[in-house]
Q: 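First, the structure itself, so that you have it in front of you.
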Amino acid sequence: MSTSAESRPPAGIVLAGGASRRMGRDKAAMEWDGESMLATVVKVLATRCAPVFVVAPASSTAFGELHDALAVQWVTDEPAKYGPLGALATGLRHAAAAGCDRAFVTATDMPLISGELIDEVDRGLVEGAAVAVAADSERLHPFAGVYRTSCAGAFADLAVTGERRMLGALDEVGANRVSISRSEWLTNVNSPEDVHRLRRLVG
């Protein structure tokens, strides 16, 4: 049974600190549908999640250009050398400190996520599962998942010991696979070509 109906809404966590090497620029500040891609993602999370955190270094373009424009809580103390897993642990720690028992986690490069996606994954956080992760016919999507904030310490420990693979970390804590109703929600963009292709698709 999901805990969703028994507690407050999940927090929202957007990981926005990636190097974006294939894109050639910070994806968070890229324009999407008239606003930044990060603003697009934050707007969706705000329909289901409270509070919303954005994890990004203070030196990032995302923080430098957008920190005054978004009604979010910025988390800038992520340990850069531990990659996305370290950023996830940091975000979960801040959500736990805010009194949240769970958080929907996504990345800044998934502009087609929806409130319905969050609902479906949140319902998949069954009793005994530490994480519920969206899945399509091909793979799991760790950055479309609902994570119990109590996992923060376990993820931090894994990052310190050298784990960098999100799927490896999920294997350690135990994740429930959630088949979602619309796979396009999970589309992410890694290159300018991906952005052009996706704009044609939704335009």
Side-chain angles (χ1 to χ4, degrees), residues 4 9-49 52-56 60-62 65-66 69-70 72 83-85 87-88 91-92 102-125 131-147 164-171 175-203:
S4 303
I13 297 174
V14 186
L15 304 184
S20 304
R21 292 184 180 88
R22 288 172 58 190
M23 187 67 72
R25 55 173 296 191
D26 192 319
K27 288 183 279 190
M30 287 188 66
E31 186 273 334
W32 180 266
D33 198 22
E35 59 189 356
S36 69
M37 195 170 293
L38 178 57
T40 298
V41 173
V42 165
K43 184 181 295 184
V44 174
L45 263 62
T47 67
R48 298 295 195 278
C49 305
V52 175
F53 299 89
V54 175
V55 183
S60 67
T61 302
E65 293 187 6
L66 302 173
L70 300 177
V72 300
L85 185 56
L88 170 62
L92 291 175
R102 68 199 193 287
F104 177 79
V105 177
T106 190
T108 193
D109 61 357
M110 296 178 66
L112 300 188
I113 65 166
S114 70
E116 290 80 5
L117 168 64
I118 298 171
D119 294 340
E120 290 185 15
V121 180
D122 195 25
R123 287 194 294 267
L125 189 64
V131 184
V133 180
D136 57 21
S137 60
E138 297 180 354
R139 63 186 179 94
L140 292 176
H141 293 261
F143 297 129
V146 174
Y147 292 72
R164 295 294 180 269
R165 301 170 302 118
M166 285 298 306
L167 294 179
L170 292 179
D171 286 342
N176 187 41
R177 180 188 182 105
V178 180
S179 295
I180 61 165
S181 57
R182 297 182 62 180
S183 60
E184 61 265 31
W185 290 335
L186 302 174
T187 305
N188 69 316
V189 292
N190 293 306
S191 68
E193 294 75 21
D194 289 342
V195 175
H196 297 322
R197 200 159 37 240
L198 192 58
R199 281 180 174 145
R200 288 198 301 270
L201 178 67
V202 302

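Note that the numbering runs from 1 along the sequence shown for the chain.
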Q: Enter the distance from L186:CG to R139:CZ here, rounded to the nearest 0.5 Å.
A: 8.0 Å
Q: Provide the closest heavy-atom pair for D136 versus S183 in the form atom of the first, atom of the second, distance.
A: CB-CB, 4.1 Å
Q: For residues V42 and V14, report the shortest heavy-atom separation together with the two atoms involved.
A: CG2-CG2, 4.3 Å
Q: State whether R102 and D122 are salt-bridged, where the test is any N-O pair (Lys NZ or Arg NE/NH1/NH2 against Asp/Glu carboxylate O) under 4.0 Å.
A: yes
Q: Measuring from atom CG of L140 to atom CG of D171, what distance do you get when rounded to the nearest 0.5 angstrom?
A: 8.5 Å
Q: About how many Å separate OG1 of T40 and CE of M30, when rounded to the nearest 0.5 Å?
A: 11.0 Å
Q: Side chain to side chain contact (heavy atoms under 4.5 Å, CB included) with P142: which of T106, L170, L85?
A: L170
Q: If you measure from OG1 on T108 to CZ on F143, what distance do you get to the nearest 0.5 Å?
A: 12.0 Å
Q: Can you find a heavy atom in the side chain of P9 that is under 4.5 Å from one in the side chain of C49?
A: no
Q: Does the salt bridge (Lys or Arg N to Asp or Glu O under 4.0 Å) test come out yes or no for R182 and E116, once each step is laid out?
A: CA-CA 9 Å; R182 297 182 62 180; E116 290 80 5; over 6 Å; no
Q: If I compare all heavy atoms of A28 with all of L66, which pair ends up nearest, and what's the gap?
A: O-CD1, 3.7 Å
Q: What are the two closest heavy atoms between A103 and L92, and how far apart are they?
A: CB-CD2, 4.1 Å
Q: Which heavy-atom pair separates G115 from T47 by the least distance, and what is that distance?
A: CA-OG1, 4.3 Å
Q: Using only heavy-atom distances, determine whether the side chains of S181 and E120 contain a donor-acceptor pair under 3.5 Å.
A: yes
Q: To check you understand the geometry: which heavy-atom pair defines the closest contact between V178 and G124, and what is its length?
A: CG2-CA, 3.8 Å
Q: How many angstroms lie between atom CG of L88 and atom CG of L15, to the nearest 0.5 angstrom?
A: 6.0 Å
Q: State, with a plain yes or no, whether a side-chain heavy atom of F104 is found less than 4.5 Å away from one of L117.
A: yes
Q: Using 0.5 Å steps for rounding, measure from the CD1 atom of I113 to the NE2 atom of H141.
A: 13.0 Å
